[in-house]
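All chains are named by letter (A, B, ...) in the order of the sequence lines, taking the proteins before the strands, and each is independently numbered beginning at 1.
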Number of protein chains: 2
Amino acid sequence: MEKIGRTKIVDLLKREDIGAMVNVKGWVRTRRGSKQVNFIALNDGSTINNVQIVVDLANFDEEMLKLITTGACISVNGVMVESVGSGQKVEVQAKEIEVLGTCDNTYPLQKKGHSMEFLREIAHLRPRTNTFGAVFRIRHNMAIAIHKFFHEKGFFYFHTPIITGSDCEGAGQMFQVTTMNLYDLKKDERGSISYDDDFFGKQASLTVSGQLEGELAATALGAIYTFGPTFRAENSNTPRHLAEFWMIEPEVAFNDIADNMDLAEEFIKYCVKWALDNCADDVKFLNDMFDKGLIERLQGVLKDDFVRLPYTDGIKILEDAVAKGHKFEFPVYWGVDLASEHERYLVEEHFKRPVILTDYPKEIKAFYMKQNEDGKTVRAMDVLFPKIGEIIGGSEREADYNKLMTRIEEMHIPMKDMWWYLDTRKFGTCPHSGFGLGFERLLLFVTGMSNIRDVIPFPRTPRNADF
Amino acid sequence: MEKIGRTKIVDLLKREDIGAMVNVKGWVRTRRGSKQVNFIALNDGSTINNVQIVVDLANFDEEMLKLITTGACISVNGVMVESVGSGQKVEVQAKEIEVLGTCDNTYPLQKKGHSMEFLREIAHLRPRTNTFGAVFRIRHNMAIAIHKFFHEKGFFYFHTPIITGSDCEGAGQMFQVTTMNLYDLKKDERGSISYDDDFFGKQASLTVSGQLEGELAATALGAIYTFGPTFRAENSNTPRHLAEFWMIEPEVAFNDIADNMDLAEEFIKYCVKWALDNCADDVKFLNDMFDKGLIERLQGVLKDDFVRLPYTDGIKILEDAVAKGHKFEFPVYWGVDLASEHERYLVEEHFKRPVILTDYPKEIKAFYMKQNEDGKTVRAMDVLFPKIGEIIGGSEREADYNKLMTRIEEMHIPMKDMWWYLDTRKFGTCPHSGFGLGFERLLLFVTGMSNIRDVIPFPRTPRNADF
């Protein structure tokens with residue numbers, strides 16, 4: 001076969017030099033046609049769009065043609081011609097075809113219309129489907145948008161540790177990491193397991209958040225963000241929970257809560273706009289196939305300023321709704337940790353746009369949040385989104401050493417290993433703020449998928465660490 | 001204090017509007033001067049350069065001035081004036097100063113000239129030093145360069161799992177991940193630990209490489225790269241080993257080993273050029289303080305094409321060197337896994353530029369590498385760099401199902417959980433190639449640092465998971 005430089009399908013479909021000899025390689029999605037002419041829909045993963053390969057059967061070996069089945073990998077040399085029927089501007093008139101990899105009828109993706117549950121069981125193959133190709137290209141683009149946004153603002157990407165010796169933030173149950181021989185655990189005289197022989201010489205876990213280390217970096221480099229995996233060992237089998245997920249956590253010296261809200265709003269709008277601008281084909285596919293309101297919802301977020309509302313005012317609105325007969329599953333009262341239904345009522349019913357709720361009761365928020373002067377609330381801020389509920393959670397941090405220590409004692413936070421965190425307040429403390437975005441929450445919003453297991457390549461959930 | 005929008009120091013030092021009122025915030029590096037005038041070197045982490053704050057003592061409260069010590073955090077309103085003595089074009093004549101955070105004399109970074117060992121013990125504060133500020137700004141920039149390079153080439157960033165149920169690549173010892181109560185381990189009738197109660201219902205570990213899952217993605221999306229943490233539980237206390245480190249692993253459908261070499265060379269040159277172009281101040285600082293040959297070495301890598309040489313020819317060169325009297329610590333013979341001294345001889349002494357060594361004996365390489373027709377070698381490629389030795393390791397992958405299975409059996413690789421990997425060769429297999437770059441290896445090269453613990457914020461090594 002003549003050697004011609006390969007053109008990716010995403011690029012080929014944009015070319016206008018009709019008549020050129022081209023080479024395309026990819027996987028056969030479908031093959032149909034008559035006894036004279038066959039049409040192969042070929043996809044190489046570079047785009048959701050297939051290129052149509054037109055095969056004049058008389059020019060090719062019959063045995064070779066038999067191998068061109070759904071899932072087979074082929075290389076095609078041919079002439080680029082204008083297309084009328086393929087849905088694209090161009091198609092390829094095949095001159096030479098080489099079968100690189102055959103695919104027999106045990107291939108699980110032969111037919112279309114598999115359930116999402118079945119596709120999760122073959123997560124190693126599902127990136128070959130239109131749906132997951134679209135989702136993972138969008139996932140890539142969201143990661144790029146995130147890095148680009150922060151880099152252009154002068155933030156530094158900072159790698160906080162994955163394995164940690166401290167269990168402090170209390171954000172959730174942790175996975176233990178060990179190299180000990182579980183058949184021969186050493187114990188001390190009091191019967192406690194001796195971690196002296198473990199790899200790190202002490203008990204170690206997987207991180208639940210990079211925030212505390214992020215604060216160390218922000219009070220040195222000024223403005224940083226993390227983007228890495230975090231872990232929760234909660235036995236939650238829901239469409240919203242993963243045991244392993246990716247988080248983005250910016251942390252900024254000298255930002256107060258108002259700056260923090262500005263940053264969060266600008267950031268998430270940037271990501272959503274990036275998806276609309278750079279993933280149009282994939283977003284349209286998901287809109288048409290799964291979620292007819294997707295594009296409208298994405299555009300809706302960009303349109304208006306987010307509402308900024310104290311928690312106390314939010315509770316009043318919800319109480320008014322109850323008084324007027326609106327039924328919530330969970331009760332509404334000052335001090336309650338809002339449920340998703342409450343958040344979505346504020347966003348979808350009341351304001352009809354995203355809401356940043358601030359100044360939550362201190363009892364339902366973490367120890368490190370800056371205390372307000374009312375003695376009751378802290379400078380927390382949660383960004384609430386349509387369909388998703390809370391998509392970002394953040395706060396201005398308590399910069400005062402004594403106030404922070406008091407809160408830590410009140411909340412019985414185990415701080416014995418946390419001297420390093422407190423040093424930030426001891427040596428040149430500064431006002432600072434930050435927030436966390438669960439990457440997969442963002443992806444649920446941007447792709448319109450309804451199960452978080454479908455926006456990460458290989459979901460880790462209770463009883464599932466396959467692939 | 002009058003409210004003026006803050007200017008980051010990196011931006012301030014570029015401004016030319018002399019006479020403007022500005023606000024800067026940051027941490028005091030040094031303070032010196034006479035009884036009339038003091039000079040504060042202020043740094044905010046946005047750049048290695050300090051801005052000089054000129055303080056006319058008569059205009060300020062004496063008690064406040066006492067708080068302006070090394071490490072203190074201050075906010076300064078002042079007039080931007082031309083500077084003669086500060087080493088910068090501009091400095092700030094202070095009008096108002098607010099002390100945001102004091103810093104007493106227990107601050108460990110009072111004096112300069114701490115040992116790297118001591119700074120590792122205070123890894124929570126070392127980003128505030130010139131050296132680690134420079135290293136971590138470069139680290140950020142290298143991450144950005146990597147994402148930019150691959151994004152612009154149409155690769156998709158793909159998140160392979162961190163927690164894995166398979167232990168197959170054999171790349172190293174693994175950390176076990178568990179939620180079991182180690183005081184109450186359940187055993188089955190044969191005395192084996194029963195993982196039925198563990199979070200994933202089976203034994204799980206931290207990944208040593210995302211490559212195998214990366215191949216799944218490449219054979220669907222065409223071209224992908226990973227960039228995530230990987231783990232080795234090896235008890236190696238050396239300046240070159242970390243238990244937790246970050247890897248970049250591109251994997252590309254339809255690339256053969258020559259394409260793979262082109263990609264690796266273009267990629268690493270892009271990163272090095274990015275450092276020279278975008279981190280000039282930080283690289284110059286490290287060059288001047290730690291490694292006088294750094295900039296020359298970086299420029300050297302960009303100058304020439306990398307040598308491409310079969311392993312067999314490399315061995316001949318090394319054997320010739322031995323014959324001529326060159327002393328190596330480790331023996332040289334065909335079949336040996338080259339030591340760093342061998343690699344560096346080829347690069348630094350013989351060719352005086354980077355070398356890509358190819359076609360290694362199959363016995364010293366992984367099972368998934370494409371077998372050459374000689375029956376002895378595989379299409380491996382290692383990129384060897386001055387000072388570092390191997391910086392990239394990769395190969396064309398074995399695409400043939402039967403050849404791959406034979407090799408797996410020969411090497412006694414436990415494949416029971418690997419049906420999903422083999423499916424790539426069963427269903428539409430294609431030629432493909434990829435490589436892995438240890439991010440911290442790249443950083444050692446680009447920063448000139450000599451210990452890998454000094455290029456990652458919080459190193460994890462045997463007996464160390466602090467912060």
*Heavy-atom check, side chain of B/Arg139 versus side chain of B/Glu440, under 4.5 Å*: yes
_Side chain proximity check, B/Phe467 to A/Leu212, heavy atoms < 4.5 angstrom_ = no
Which atoms of [X] come close to chain A, meaning under 4.5 Å heavy atom to heavy atom: side chain ones, backbone ones, both, or neither?
X	value
B/Glu244	side chain
B/Ile122	neither
B/Trp27	side chain
B/Arg137	both
B/Asn141	side chain
B/Asp466	both
B/Ala223	side chain
B/Pro459	neither
B/Thr461	backbone
B/Tyr401	neither
B/Pro161	both
B/Lys187	side chain
B/Ser75	neither
B/Leu185	side chain

Based on non-hydrogen pairs under 4.5 Å, which of [options] is most in contact with chain B?
options	value
A/Ala204, A/Ala217, A/Ser46, A/Ala253	A/Ser46
A/Pro127, A/Cys73, A/Gly201	A/Cys73
A/Gly222, A/Pro431, A/Gly71, A/Gly133	A/Gly71
A/Phe155, A/Phe199, A/Trp420, A/Trp419	A/Phe199
A/Gly428, A/Gly101, A/Ala399	A/Gly428
A/Asp104, A/Leu206, A/Thr70	A/Leu206

Please flag which part of [X] lies under 4.5 Å from any non-hydrogen atom of chain B: side chain, backbone, both or neither.
X	result
A/Ile456	neither
A/Tyr195	side chain
A/Lys148	neither
A/Phe439	side chain
A/Thr47	neither
A/Lys426	backbone
A/Thr102	backbone
A/Ile162	both
A/Phe150	neither
A/Ser192	both

State the [atom1]-[atom2] distance between [X] and [Y], to the nearest 0.5 angstrom.
X	Y	atom1	atom2	answer
A/Thr424	B/His124	OG1	NE2	8.5 Å
B/Ile74	A/Cys430	CD1	SG	12.5 Å
A/Gln203	A/Ile193	CD	CD1	8.0 Å
A/Asp423	B/Tyr107	CG	OH	9.5 Å
A/Phe136	B/Tyr157	CZ	OH	14.0 Å
B/Phe231	B/Ile163	CZ	CD1	9.0 Å

_Sole candidate of B/Arg6, B/Lys25, B/Lys8 that passes salt bridge (charged side-chain N to carboxylate O under 4.0 Å, His left out) when paired with B/Asp44_ = B/Arg6
_Centroid-centroid distance, B/Phe175 to A/Phe200, less than 6.0 Å_ = yes
Could you tell me if [Y] and [X] have a donor-acceptor pair between their side chains, going purely by distance under 3.5 Å?
X	Y	result
B/Asn23	B/Thr7	no
B/Asp196	B/Ser194	no
A/Tyr225	A/His147	yes
B/Asn130	B/Arg29	yes

*Does the distance from a Lys or Arg side-chain N to an Asp or Glu carboxylate O, for B/Asp184 and B/Lys186, drop under 4.0 Å?*
yes
*Indicate yes or no for a side-chain donor-acceptor contact from A/Thr69 to the backbone of A/Ala72 under 3.5 Å, with no hydrogens or angles considered.*
no
_For the backbone of A/Tyr183 and the side chain of A/Asn181, can you confirm whether one donor and one acceptor N or O come within less than 3.5 Å of each other?_
yes
*In sequence, state the C-alpha distance, the side-chain angles, and the governing distance for A/Gln176 and B/Met180, and then conclude on side-chain contact (heavy atoms from CB on, under 4.5 Å).*
CA-CA 8 Å; A/Gln176 184 167 0; B/Met180 292 188 299; over 6 Å; no
Option in [options] with maximal non-hydrogen atom pairs under 4.5 Å from chain A:
options	answer
B/Asp11, B/Thr106, B/Val10, B/Val28	B/Thr106
B/Trp246, B/Phe132, B/Phe458	B/Trp246
B/Leu100, B/Leu216, B/Leu221	B/Leu221

